[in-house]
There are 2 protein chains.
Amino acid sequence: MPAKTTAEAVNGPAVGPARGRYAKGRAKRSEIIETAILAFAEVGYHGASLRDISARAGISHPGLLHHFPTKAALLEAVLEYRDTVDGEAFREDRARGTDYFEALVRIVERNQVRRPLVELFAALSTEATTPEHPAHEFFSRRYDRLVRESTEQLTERAAGGGLAPGVEPAQAARSIIALMDGLQVQWLLSFDGPRSERVDMAAHVRAYLALILR
Amino acid sequence: MPAKTTAEAVNGPAVGPARGRYAKGRAKRSEIIETAILAFAEVGYHGASLRDISARAGISHPGLLHHFPTKAALLEAVLEYRDTVDGEAFREDRARGTDYFEALVRIVERNQVRRPLVELFAALSTEATTPEHPAHEFFSRRYDRLVRESTEQLTERAAGGGLAPGVEPAQAARSIIALMDGLQVQWLLSFDGPRSERVDMAAHVRAYLALILR
DNA sequence: GCAAATACCTACCGAGTGGTAGGCGACAAC
DNA sequence: GTTGTCGCCTACCACTCGGTAGGTATTTGC
């Protein structure tokens, strides 16, 4: 299938001005989104300002608001964009026959060279635990999906005797996700120190999987 | 040993006005700190405003700044306060002969009825991964200490054959901390749904410990 | 009861916030 | 090449931010 362009992935059904029709506009929208990722990653949604994002993207802040009518709309676009990019790599791995959890670990591995992305999800996922947060539903659904999928995978394995004794699929599923999340914080903190001491997120996740699978 | 009073724990060496000398002031300071915990917990450090905190604490915002000269100073006081309260319960458990990891799980258990505290640490620990954040050093040190202590405990056990085969102490130590952190996010999100579906953080941590210890 | 320190207020500051109004030039379909 | 759309700008809005100035009232040690 033809790969979706960034613009197609980013622009929902045209709201207000029919956005995404001119090439120039599409390019600028992508640029804004990539800049917004950096900003939200650094100081979270609350902490980031449209003026800072727009300046870094080389546009005035009303110019930004022309493309994304509100700050929340920009956040939504950022999350959709990330979901598309990440989901695609994961699905490709899976289609190639890669094991579900191995594909999960590969996401972690890829993220280890994309600090802003890690910062983004670390910052937003905790911020968004407040029900009023514009990304609350996004993360709520995201965790539901992740836990459900992982539980299914583990349940399948359990039936084939592929689980270590005493391991409960639903509990282990949640723990994998939690482990990946929690490691992000320590990984980000370890960026201060020497590279040799940097936390290896993927290795930790693999070690956990080795404990529960057999 | 005599328990430190809240005020003694909270007020550092007198800076500017010699704070903590009047009973009224000490009481108000505690009130402000407790309100600040709620505010920082809900919207993070960046998201919280001194005006909101001060209003909820029944004081004007310059009144608040009389007690804590800057917003960062207030944050510092909040973190010190929480460290004192939490650390005390942990040390009491340990002094009573409770196992290190069991004492750790009990912290998690206690936290399961103190949502604001969980929100606070979840929000701040990710926010503070940025080196410029006023709480950066606090969390950096905190994780160092936690990982070091846990690694020591696991290494001791390893020597006595108390570890499951293939478990590496340093890696497992980091994983425990990461798991506790990551579970907080899912626990907070599960607050939306029915009580029966609420994530049991302590049970998950216990299950992990059961995997690595023997 | 007096003096000194503390507690806390109103008023204000400059800077920054998300968002709006209205214009103007570049673009693309016809 | 005209016409309607789109991209993006300057100027402005009301509001909020952390912090300061300078005052009054309360509390405390003596």
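Here is how names work: the chains are called A, B, and so on, in the same order as the sequence lines, proteins then strands, and each is numbered from 1. Just so you know, these numbers come straight off a predicted model, no measurement behind them.
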Please write out the pairs of protein N or O atoms and N or O atoms of nucleotides 24-30 of chain D separated by less than 3.5 Å, giving the distance to one decimal.
residue : atom : partner : partner atom : Å
D/dT27  : O2   : B/Tyr22 : OH           : 3.0

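- Note on residues 93-115 of chain A: pairs passing ring pair (Phe, Tyr, Trp, His ring centres under 6.0 Å), not counting sequence neighbours, are A/Phe90-A/Tyr100.
- Here the nucleotide nearest the side chain of A/Pro62, chosen from C/dT20, C/dT10, C/dC8, is C/dT20.
- Salt bridge present: A/Glu109 and A/Arg206 bring a charged side-chain N and a carboxylate O closer than 4.0 Å.
- No hydrogens or angles were tested; on distance alone, a donor-acceptor pair under 3.5 Å links the side chain of A/His61 to the base of C/dG19.
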Please list each protein N or O that sits under 3.5 Å from an N or O in nucleotides 23-25 of chain C, with the distance.
none

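- Note on A/Asp144 versus A/Arg141: no salt bridge recorded, every NZ/NE/NH1/NH2 to OD/OE distance being 4.0 Å or above.
- Put simply, CD on B/Glu31 is 14 Å from C1' on C/dA7, counting in whole angstrom units.
- Although no hydrogens or angles enter the test, the distance criterion places a donor-acceptor pair under 3.5 Å between the side chain of B/Ser190 and the main chain of B/Trp187.
- Remark: B/Tyr143 engages no residue in a ring pair (Phe, Tyr, Trp, His ring centres under 6.0 Å) (not counting sequence neighbours).
- B/Arg145 CZ to B/Ser140 OG: the interatomic distance, rounded to the nearest 0.5 Å, is 12.0 Å.
- Partners of A/Glu76 under the salt bridge (Lys or Arg N to Asp or Glu O under 4.0 Å) rule, at least two apart in sequence or in another chain, do not exist in this structure.
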Between side-chain atoms of residues 115-132 of chain B and protein atoms elsewhere (two or more places apart, or another chain), which donor-acceptor pairs fall under 3.5 Å?
residue  : atom : partner  : partner atom : Å
B/Ser125 : OG   : B/Phe121 : O            : 2.7
B/Ser125 : OG   : B/Ala122 : O            : 3.3
B/Thr126 : OG1  : A/Thr126 : OG1          : 3.1
B/Thr126 : OG1  : B/Ala122 : O            : 3.4
B/Thr126 : OG1  : B/Ala123 : O            : 3.1
B/Glu127 : OE1  : B/Tyr45  : N            : 2.9
B/Glu127 : OE2  : B/Tyr45  : N            : 3.3
B/Glu127 : OE2  : B/His46  : N            : 2.9
B/Thr129 : OG1  : B/Thr126 : O            : 2.7
B/Thr130 : OG1  : A/Glu42  : O            : 2.9

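- Taking A/Arg142 as the reference, nothing meets the salt bridge (Lys or Arg N to Asp or Glu O under 4.0 Å) condition, with sequence neighbours excluded.
- By the side-chain hydrogen bond (donor to acceptor under 3.5 Å, both in side chains) test, B/Asp200 pairs with no residue at all, sequence neighbours left out.
- One can place NZ of A/Lys71 at 8 Å from P of C/dG19, the figure rounded to the nearest angstrom.
- For the pair A/His67 NE2 and D/dC8 C1', the computed distance is 7 Å after rounding to whole Å.
- Applying the salt bridge (Lys or Arg N to Asp or Glu O under 4.0 Å) criterion to B/Asp192, with sequence neighbours excluded, gives no partner residue.
- Between B/His66 and C/dC8 there is no side-chain N or O to OP1 or OP2 distance below 4.0 Å.
- The distance from atom CG of B/Leu65 to atom P of D/dG23 is 19 Å, rounded to the nearest whole Å.
- The stretch residues 122-132 of chain A has no heavy atom under 4.0 Å from DNA chain C, so no residue of it qualifies as close.
- Between the CD1 atom of A/Ile59 and the C1' atom of D/dG7 there is a distance of 8 Å, given to the nearest Å.
- Residues of residues 39-55 of chain A that place a heavy atom closer than 4.0 Å to DNA chain C, in numerical order, are A/Ala48, A/Ser49, A/Leu50, A/Arg51.
- Counting heavy atoms of neighbouring residues, nucleotides and ligands inside a 6.0 Å radius, atom CZ of B/Arg195 does not exceed 12 of them.
- Atom NZ of B/Lys28 and atom P of C/dC8 are 6 Å apart (whole Å).
- Residues satisfying the salt bridge (Lys or Arg N to Asp or Glu O under 4.0 Å) test with A/Glu31, not counting sequence neighbours, are A/Lys28.
- At most 12 non-hydrogen atoms from other residues, nucleotides or ligands lie less than 6.0 angstrom from CD of B/Glu137.
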